[in-house]
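The block underneath contains the structure these notes are about, expressed in structure tokens.
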Amino acid sequence: MNHWLMKSEPDVFGIADLKSRPNQTEHWDGVRNYQARNFLRAMQRGDEAFFYHSSCANPGVAGIVRIVRSAYPDPSAWDPESPFHDPRSAPEKPVWLMVDVKLVRELKRVILLHELKANAALKNMRLVSRGSRLSVMPVTAKEWNAILKMERD
DNA sequence: GCCAACGTTGGC
DNA sequence: GCCAACGTTGGC
């Protein structure tokens, strides 16, 4: 099983929103970056991901989700009304993908970005590397466990 | 293929 | 709101 980290702005869609969805499941649409899309494509059903809150007062890891459906076309790309509209994508030739995620659990507390940066075990983590803007990224097993340990400490 | 201009992300 | 870092676009 692989591990991932997925960013979302809690003002738009936070972990509380996921929790309130039917079956605590939602599709993860709106990814419009090729590298992030390729990571979506690499996700397998059963993989787990950290739900990261970005662009907010307290950025950090807020919870854990499970990939319950692997990548499939993101229809918001060909919806002219959608803020994610991209005319390069069409139903017969989709460019952008999404997955379905289900809430596993909220963390007992949000593990804040500044804490992650201060943890030597996460020095090489993609998230804390300078100017990282990827909204979907892989997390190594070591990093995954180090963050879960921070929740317990 | 290079690279300047531009738009976006996201922490602060 | 600012702005650094990054990805993308488009002229050449």
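Just so it is clear: chains get the letters A, B, ... in the order the sequence lines come, proteins before strands, and each one is counted from 1.
- Taking 4.0 angstrom as the limit, A:Lys117 places a side-chain polar atom (N or O) nearer than this to OP1 or OP2 of B:dC12.
- Following rounding to the nearest Å, A:Asn33 (CG) and B:dG7 (C1') show an atom-to-atom distance of 13 Å.
- Residue A:Asp11 contributes atom CG, which lies 14 Å from atom P of B:dT9 at whole-angstrom precision.
- In this structure, NZ on A:Lys7 lies 7.0 Å from CG on A:Leu134, to the nearest 0.5 angstrom.
- One finds a side-chain N or O of A:Lys7 lying less than 4.0 angstrom from the OP1 or OP2 phosphate oxygen of B:dG10.
- Summarising the geometry, the separation between CG on A:Leu134 and P on B:dT8 is reported as 17 Å, rounded to the nearest angstrom.
- Salt bridge absent: A:Glu151 and A:Arg109 never bring a charged side-chain N and a carboxylate O closer than 4.0 Å.
- Rounded to whole Å, atom P of B:dT8 lies 12 Å from atom CG of A:Asp86.
- Atom CD in A:Glu9 sits about 12 Å away from atom C1' in B:dG11, given to the nearest Å.
- Sequence neighbours left out, the pairs with a member in residues 83-98 of chain A that pass side chain to side chain donor-acceptor pair (under 3.5 Å) are A:Asp86-A:Arg88, A:Asp86-A:Trp96.
- At whole-Å resolution of the value, CG in A:Leu116 and C1' in B:dG10 are 15 Å apart.
- Ring planes of A:Phe39 and A:Trp4: tilted class, angle from 30 to 60°.
- For A:Tyr34, the side-chain atoms get nearest to C:dT8 when compared with the rest of C:dT8, B:dG11, C:dT9.
- In this structure, CZ of A:Arg32 is placed 15 Å from P of B:dG10, rounded to the nearest angstrom.
- Salt bridge absent: A:Asp74 and A:Arg37 never bring a charged side-chain N and a carboxylate O closer than 4.0 Å.
- Residue A:Arg130 has no polar side-chain atom (N or O) positioned under 4.0 Å from OP1 or OP2 of B:dG10.
- Residue contacts for A:Ser54: at a heavy-atom cut-off of 4.0 Å it reaches the sugar-phosphate backbone alone, with no base atom in range.
- Between the CE atom of A:Met6 and the C1' atom of B:dG10 there is a distance of 18 Å, given to the nearest Å.
- Between A:Tyr52 and the phosphate of B:dG11, there is a side-chain N or O to OP1/OP2 separation shorter than 4.0 Å.
- Looking at heavy-atom distances under 4.0 Å, A:Arg37 makes no contact with the nucleic acid at all.
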